[in-house]
Amino acid sequence: MVPVNYTYALSSWTPAVVSFLAFIFAVFLMMAVLMFLTGFLGEKRVNENKLRPYESGIIPTGSAPIRYPVPFFLVAVFFLIFDVEGAFIFSWALAVKALGAKAMVQITFFIFVLLMGLVYIWCKGGLALKDGKDKRADRR
Amino acid sequence: MYFGLSCCFVEEITAWTPRYDIARFGAEVLRLSPRQADLLIVSGTVFKKVAPVVLRLYEQMAEPKWVISMGSCANTGGMYDVYSVVQGVNQILPVDVYIPGCPPRPEAVLHGLTRLQEKIQSQERPSGKVFHMAGGSQGTVSPVLVDGETKTRDTRGPGMNGIPVRGSSVTPPDFHENRAQLMWTPPAAQITLSPVENEVKSQLVRRFGDAVAPAEKSADMLTIDVDQSRAAEVLRFLKYESGPRFLRLEDYTAVDQSARQNPEDYPDFTLVYHLLAFDPAVRVRLRAALYGRYPETQSIHELWENAGWYEREIYDMFGIRFSGHPDLRRLLMPEGWQGHPLRKSYTGRATEMPAYTAEDAHRLQPRAGEQFYQVDEDGESYVLNIGPHHTGTHGIIRYIAKMDGETITGLDMDIGYHHRGAEKIGERQHWIQYIPYTDRVDYLVGAANEFPYVLALEKIAGIRVPERAEYIRVLFAELSRIANHMAYMGITANDVGALTPNFYAFRDREMIMDIVEMISGGRLHPAFFRPGGVAADLPEGWKEPVEAFLRVFPKRLGEYEKITLKNPVFRARTVDVGLMEKHDAVDLGVSGPNLRSTGVNWDLRKNMPYSVYGSLDFDVPTDTVSDCWTRFRLRAEECRESVRIIRQVIDQMPGGRYISEDYRYVVPQRQDMLKDIESLIHHFINVSRGPKIPRGEAYAATENPRGEQGYYVVSDGLGFAYRVRIRASSFTNVQAFAKICKGATIADFIAIIGAHDYTPADIDR
């Protein structure tokens, strides 16, 4: 480990900071110019229909913010299985050299079990959009 | 952005396919939302019901924007001077370029597009508008026209004021100087009833006694006059108990009898039911007399599910009410429409009605989705409008889906956006003038539409058709079957995400279009059939292109099947999607390949042979599991059978006349007309004021690519029909959606409606 020297990190004379600030400024300037141009240029005429959402040419029915049903329980369970497991894999990855070959084999097995789980869910139709009925008989 | 309204759109989309390749002009990207589009191509008939939608889309487009009006209907109303059609889209929004034609060819679309580019380049100075400075112009600057003020209302063009429209006085109720009344014809043809029909007749008489009165004469099938109050009972008997069971309500309509030449012989209205028994194949017609200005009768929606729509249509068109109908409201005309268009007292022409304006389009909105399904304010379900402007709906039809997440829990349909008043027009155009209108009823199948109409006329008048003409008709019918199925395969595959088949399939469709054009002179709408035959003989050298097509097509068809039916993605989207039950299909009157996919072996060409189909050798492909995949497969198979039929037609094409010798009713052969005076007189009369067809009625149906297309024609012994009723295959076919889409996802829904194959023109007529 090498100790870090913080002395010049925030010095205005260090080239890195100047260019960084210039870059930020350029970005904001660019954004401002673009937003002004898109707002200013071109003809704009507003009417009632233009402000209305497009729904196949019909006046939309009901409101847009609805409670869109997500099959939440399944999503939560899959999250537990496939996302929380990430924590194990990351922690292993940080210490991969210290843990050695034995851990490599173990984590490979662990990932393999996870993959099997994925395959199982897939076959069961758990990844289907609705009711798990998406699995279609391949009768032809 | 495109807004495909009717026939023109087929030609417009053809401009995107390989032969015409609009991409050469830098315009291959079709936008489907008004937000991304700068050009609106209004292609086809602008209906009063859909005009508010057209205007909304235009207003939702960002500036600058341009409009191309494509086709006679969008330009001026075209041949549809009828109550439901706006007489030109320029009455509601400004138009830059008009493309003339009915429909314009794909080349005309390209021309229109380049004309617009030229106009932008030479006339527009956009910088002023872009920088908010004075002056400059961009987008459309032409004004919205006012019908009757800045544009003429006269369908003949300006300068004809004071001259009455020719022929209009001879129509009911005046019959002023109607010369058909002075002509003599033999009475209508008469058939002898088959043993089965006699059996049904005696069963009915035995069971119902005086309530039924079999008609003495009939030109086509067993006809029974039935007491209106017992009609439902008789129908129930015919469906469940009679000798052959009449399982299908083939057609159900009414006739307003008030404008007859001898009204004292008729009731005020007649309800007409056509029933069909599958085994043995036989039809029966029931007529029930109704009296009063707004009569009411009993609904039969519980007997047949499709009667619900038929009754709504009758209520809409005639004002006849049905007691016990759960949802008796207008079907085709918009809500709040005044009057009942098919009544004889109703003005048929749009030019005789107040002009349709942009204000009307703002005011008269389609029925709100909330009125179809209750919107659940805080629940999880919602209501989604799919169509009328939607790529997946294949034209202007509107579905209202009650959704639970991605799943459809209820589906309602709002039709009539494409109602062109074809039946009303039939009552004022003379018999032969009406043929081009039949083409446009189902714009994808061309000449096949004319078939049932001329068959019905021939039945009434007893015209014998020469064999050569029959073969030519079959040739046309089968060519249009392949052309339709090619368009179907391309577009349906496109709907489920496969773009390639579309380009291939339209290539073959173009080959057929060339053949049709070479023989008849028309592409989409040949208007080639005539009562008693066809319009002209086959030209020299007609065989070569047909044979060339038959040489390449079967192999290509195999390729198309490979890239669709065997494609895993296509299969995932279609296999086991939209399952339809045999029972439902029969009960709803579903016909064509859709019916055959449920395991019913029923093809009119085989089961009730017409023309020369009885002597041709072909098979009828069927299946037992009716999903989207099967429906698609059957159509591919049908193409193969059609190829077989066309081969036989080429080999067996007999010589001889192409039109009947019965010049009383038919347009004489050109050579005869030029050589002898009798033929010349008949030619003059039959072309100018129409042949006098004897008083009578007939129903004829043919197996069209989409299903069974039937025409019920009533003649009052004049030069034009008293009533033309079109039994459209799509009208009954789409009613199955409410059932088969329940529980499907939105993605499935698009596959289902694609694979079902309908055209809105055929639903709404």
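Letters A, B, ... are given to chains in the order of the sequence lines, protein chains preceding strands, and every chain is numbered from 1. These values consider heavy atoms only, across backbone and side chains, with no hydrogens, waters or symmetry-generated copies.
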Could you go through residues 20-40 of chain A and list every donor-acceptor pair under 3.5 Å that involves a side-chain atom there, pairing it with any protein atom two or more places apart or in another chain?
from  : atom 1 : to    : atom 2 : distance (Å)
A:T38 : OG1    : A:L34 : O      : 2.9
A:T38 : OG1    : A:M35 : O      : 3.0

For B:Q365, is it the side chain, the backbone, both, or neither that has a heavy atom closer than 4.5 Å to a heavy atom of chain A? side chain
Could you state the interatomic distance from CD (B:Q60) to CD (A:E48), rounded to the nearest 0.5 Å? 10.5 Å
With a 4.5 angstrom heavy-atom cut-off, which part of B:L384 approaches chain A: side chain, backbone, both or neither? both
Tell me whether B:K742 at atom NZ has more than 12 heavy atoms from other residues, nucleotides or ligands lying less than 6.0 Å away. no
Closest approach of B:E63 to A:K50 (non-hydrogen atoms, all atoms of both residues): OE1-NZ, 2.6 Å
Measure B:P366 against the heavy atoms of chain A and call it side chain, backbone, both or neither at under 4.5 Å. side chain
Test side-chain contact (heavy atoms from CB on, under 4.5 Å) applied to B:L57 and A:Y54, step by step: CA-CA 8 Å; B:L57 289 176; A:Y54 165 76; 3.4 Å; yes
Could you work out, with side chain to side chain contact (heavy atoms under 4.5 Å, CB included) as the rule, every residue matching A:S56, not counting sequence neighbours? B:H390
Taking atom NZ of B:K65 and atom CZ of A:R45, what is their separation to the nearest 0.5 Å? 6.5 Å
Any residues in residues 104-116 of chain A near chain B, with a heavy-atom distance under 4.5 Å, and which are they? none
Distance check, rounded to the nearest 0.5 Å: B:R56 atom CZ versus A:I59 atom CD1? 4.5 Å
Contacts of B:D412 that satisfy side chain to side chain donor-acceptor pair (under 3.5 Å) - sequence neighbours left out: none
Between CD of B:E59 and CG of A:L51, what distance do you get to the nearest 0.5 Å? 11.0 Å
For a quick test of reading the model, state the closest non-hydrogen atom pair linking A:E55 to B:V383 and the distance between them. OE2-O, 4.1 Å
